[in-house]
Amino acid sequence: MFLEKYDVIVVGAGHAGCEAAAAAANMGCKTLLVTMSLQNIAQMSCNPAMGGIAKGQIVREIDALGGYSGIVSDKTAIQFKMLNKSKGPAMWSPRVQSDRMRFSEEWRLMLEQTPNLDFYQEMVKGLIINNGKAEGVKTSLGLEIKAKTVVLTNGTFLNGLIHIGEKQFGGGRAGESAAYGITEDLTNVGFDSGRMKTGTPPRVDGRSLDYSKMIKEPGDLIPDKFSYSDETKPLTHQKLCHMTYTSLAVHDILREGFDRSPMFNGRIKSIGPRYCPSIEDKINRFADKERHQLFVEPEGWNTVEVYVNGFSTSLPEDVQFKALRSVVGFENVKFFRPGYAIEYDYFPPTQLKHTLETKLIEGLYFAGQINGTTGYEEAASQGLMAGINAALKVQEKEPLILKRDEAYIGVLIDDLITKGTEEPYRMFTSRAEYRILLRQDNADFRLTAKGYKIGLASEKRLIRMEKKQNASQAMVDFFKETSVTVAETNPILESKESAKIVQADKMFKIFSRPQIDLEDILKFEKVKEYVAANGLDKEILEQAEIQVKYSGYIEKERNNADKLTRLEEVKIPENFDYNKIKSMSIEAKQKLSKIRPITISQASRISGVSPSDISVLLIYMGR
């Protein structure tokens, strides 16, 4: 059955694996997706949602490049929210509640309709490595499947160990077995590995909850969507979510189980996600807090299963149950399944290149939780980039590497391979130094042309993006060229308590005022006529508004990014000997020798390398 040699084999069919397989296949490579269960493709192992702070930007970037996550999220959404709308547009982050079963089904259907993609259900237990090159995989049935490149996206399955109180058992997810053999193969050829931990809350029966006691959490009045394509439409009706709180009584019950908690009795030795702590971790670390928010999230349109967001735990199931029954609205709660923690193997990502190819083994790529990240979106973006670069390698083309001023995906990968991570890495807007450039609204402007160039984004996508770009820029030019009179302007300025004008002025200047918004500008007759004549939609109007309002900030940040780009262009020779630079610190020599940065800019971001070390390096290189 496997006599032919594949271009790309992707191991694992979570969010990273699905994006990797779709990208490689859509770029024309003969691709095989191997997974332990074809019924669990793109399983939402934790919360039934996509997007959120910085994560929503990543989903839009995946979509702009030609990935599938945005389209699948739109098609299976049950609620949409644009988070941080009260702040500036650099902070706006789209998020959807998803129908868990439909999400997985839609991913599978899209993959099955993707040319060049084969599927196989079995456990991969090892790799075929010859002369420092990955040449395929070995399965538990003893099959050897050959390939030119291999992408590992193993999630939490590598030697996975599930904890519920004092009970522990092997598994990659509840009800699914762990994967064995790959870690051992990789450490035998010289890779460093470590252990990480994550967790999940109980799932409960929505019929047993009293929603009348909870706070309603509706979606946006006018919902948006993720995908820039016309393949999807915004929701016309939405499912309601709810919110409730823990209490001191709940915390006291949870503390009763601390002596049996694997978090506190030493059974779990690995580090969990800092920004998504378990409920026991919260009440231990924030002992002064009297309550914590719990978001009550439906798992789909038709199911009664509910996800209790904020109650991740590995406490004994009897303690979980007793504590949750003391939460308002949960007095009669019934469990579908208890929460649990899971420990799994990962490989410190400093062992990777910017392409996500390993430095040690040619043609071997890592993506997702194997690199120490947490979150569907972070995994999906890495899978996309690993799939793209595996395909480009097979095609003997230049790799695609996104810079920090081009995409959150670029920030994510650069952080991982330059700084490494000792705890599950999660993306935040604060991690991006150029977040005004990396907004969720302009991911298509930044990335669609790149996706088209490599053969992933369609020509239709490119034309759509260019039309939007031209239309929004034309409107900005219209504001710069069009004057407004005192008579038509001052009533609007007065209503917004903004200083009146004494003579006619350019509309761009009026619109730039912080008190004036799009709604105000649309009151001008000239603007109404321009919008109607050009058939402009909400997306173009918002884009033009951002370009006007934040033009100064955008220009300043672009100048800063351009300065950094000059350092990106200063390449460090591949086998550069840092030890011969006597005036460089010992720590800098050690870190630089281990990570082997490609450019001066990357070297400057390595923890332990000071500005003076960079100056010395530049001088030594004749700069």
Side-chain angles (χ1 to χ4, degrees), residues 54 57-58 61 65 90 348-359 371-373 378 381-382 385-386 388-389 392 398-421 425 427-439 443 446-447 450 553-581 583-585 587-623:
Q57 282 86 329
I58 289 174
E61 290 175 354
L65 283 165
T350 49
Q351 300 171 99
L352 303 175
K353 301 175 184 176
H354 272 92
T355 57
L356 297 181
E357 185 181 24
T358 65
K359 294 173 183 175
N371 290 337
T373 60
E378 289 88 343
S381 68
Q382 292 170 71
M385 297 308 293
I388 286 171
N389 283 312
L392 291 171
E398 283 292 305
L400 178 64
I401 296 169
L402 300 176
K403 298 199 287 287
R404 294 181 73 91
D405 65 328
E406 291 179 323
Y408 272 93
I409 297 172
V411 175
L412 167 71
I413 292 173
D414 187 66
D415 275 358
L416 289 174
I417 72 160
T418 302
K419 301 172 184 175
T421 186
Y425 178 102
M427 180 51 75
F428 289 100
T429 49
S430 57
R431 295 195 192 272
E433 59 271 50
Y434 304 116
R435 56 184 175 272
I436 295 174
L437 302 179
L438 308 182
R439 305 183 310 277
R446 293 183 274 120
L447 300 173
K450 291 179 185 292
Y553 298 105
I554 291 167
E555 190 178 347
K556 186 179 178 184
E557 204 155 272
R558 173 44 59 207
N559 289 337
N560 289 340
D562 288 344
K563 286 175 189 172
L564 184 81
T565 301
R566 289 175 212 147
L567 288 181
E568 289 285 2
E569 288 166 1
V570 183
K571 303 280 191 228
I572 302 171
E574 197 172 333
N575 298 310
F576 189 86
D577 184 4
Y578 296 99
N579 292 314
K580 63 188 177 186
I581 307 178
S583 47
M584 184 180 276
S585 71
E587 184 183 5
K589 289 178 190 177
Q590 289 172 344
K591 294 281 181 70
L592 291 164
S593 297
K594 182 183 178 185
I595 294 171
R596 311 297 315 173
I598 298 168
T599 66
I600 290 289
S601 179
Q602 187 195 349
S604 71
R605 295 190 292 273
I606 296 171
S607 174
V609 177
S610 69
S612 61
D613 292 322
I614 295 298
S615 297
V616 170
L617 183 56
L618 280 167
I619 292 164
Y620 194 88
M621 291 174 67
R623 297 296 184 119

If I take atom CG from residue L447 and atom CD from residue E406, how far apart are they, to the nearest 0.5 angstrom?
7.5 Å

Could you tell me if the side chain of L592 sits less than 4.5 Å from the side chain of F576, heavy atoms only?
no

Closest contact, heavy atoms only, K353 versus T358
CE-O, 4.1 Å

Looking at every heavy atom in both G608 and S585, which two are closest together, and how far apart are they?
O-OG, 4.5 Å

Does anything in residues 601-620 form a salt bridge (charged side-chain N to carboxylate O under 4.0 Å, His left out)? List the pairs, not counting sequence neighbours.
D414-R605, E568-R605

Hey, are the side chains of R596 and Y578 touching, using non-hydrogen atoms and a 4.5 Å cut-off?
yes

Answer yes or no: is there a side-chain heavy-atom contact under 4.5 Å between K419 and Y425?
no

Main chain of Y408, side chain of E61: is a donor-acceptor contact present, judged purely on distance under 3.5 Å?
yes

Which pair of heavy atoms, one from A90 and one from I436, lies closest together, and at what distance?
CB-CA, 3.9 Å

Find the distance between OG1 (T350) and CG (N371) and round it off to the nearest 0.5 Å.
10.0 Å

Are any of the side-chain heavy atoms of I413 and L402 separated by less than 4.5 Å?
no

Looking just at side-chain N and O atoms, do S612 and S610 make a donor-acceptor pair shorter than 3.5 Å?
yes

Could you report the tightest heavy-atom contact between G420 and P349, atom names first, then the distance?
CA-CG, 4.2 Å

Donor-acceptor under 3.5 Å (Q602 side chain, T418 main chain)
no

Could you tell me whether a side-chain N or O of R446 sits under 3.5 Å from a main-chain N or O of R439, the two making a donor and an acceptor?
yes

Polar side-chain atom of S593 near backbone of Q590 as donor-acceptor pair, under 3.5 Å
no

Between R566 and D562 (salt bridge meaning N to carboxylate O under 4.0 Å), is one present in this structure?
no

When you compare the side chain of P573 with that of M621, does any pair of heavy atoms fall below 4.5 Å?
yes

Is there a side-chain contact between L412 and E378 (heavy atoms, below 4.5 Å)?
yes

For L400 and N389 the tightest heavy-atom approach is N-OD1, 2.8 Å

Before you tell me yes or no, could you show the steps for K359 and Q351 under side chain to side chain contact (heavy atoms under 4.5 Å, CB included), namely the whole-Å CA-CA distance, both residues' side-chain angles and the distance that decides it to 0.1 Å?
CA-CA 6 Å; K359 294 173 183 175; Q351 300 171 99; 5.7 Å; no

Starting at CG of D405, measure out to CG of L438 and round the result to the nearest 0.5 Å.
7.5 Å

Does any part of the side chain of I598, heavy atoms only, come nearer than 4.5 Å to the side chain of K571, both counted from C-beta?
yes

More than 12 heavy atoms of other groups within 6.0 Å of K580 NZ:
yes

With a cut-off of 6.0 Å (strictly less than), are more than 12 heavy atoms of other residues, nucleotides or ligands near NZ of K556?
no

Under 4.5 Å between any side-chain heavy atoms of I409 and L65, yes or no?
yes

Worked check of side chain to side chain contact (heavy atoms under 4.5 Å, CB included) between E433 and N560
CA-CA 10 Å; E433 59 271 50; N560 289 340; over 6 Å; no

Given the rule in the side chain to side chain contact (heavy atoms under 4.5 Å, CB included) test, do I572 and L617 qualify, once you have shown the distances and angles that lead to the verdict?
CA-CA 9 Å; I572 302 171; L617 183 56; 4.1 Å; yes

Tell me, with the steps shown, if L437 and I554 meet side chain to side chain contact (heavy atoms under 4.5 Å, CB included).
CA-CA 6 Å; L437 302 179; I554 291 167; 4.0 Å; yes

Taking all atoms of both residues into account, what is the closest heavy-atom pair of T373 and Q382, and its distance?
OG1-NE2, 3.0 Å

Does a sphere of radius 6.0 Å around OH in Y553 hold more than 12 heavy atoms from other residues, nucleotides or ligands, not counting ones at 6.0 Å or beyond?
no

Out of the candidates L618, T599, V609, I614, only one should pair with S604 under the side chain to side chain contact (heavy atoms under 4.5 Å, CB included) rule; please name it.
I614

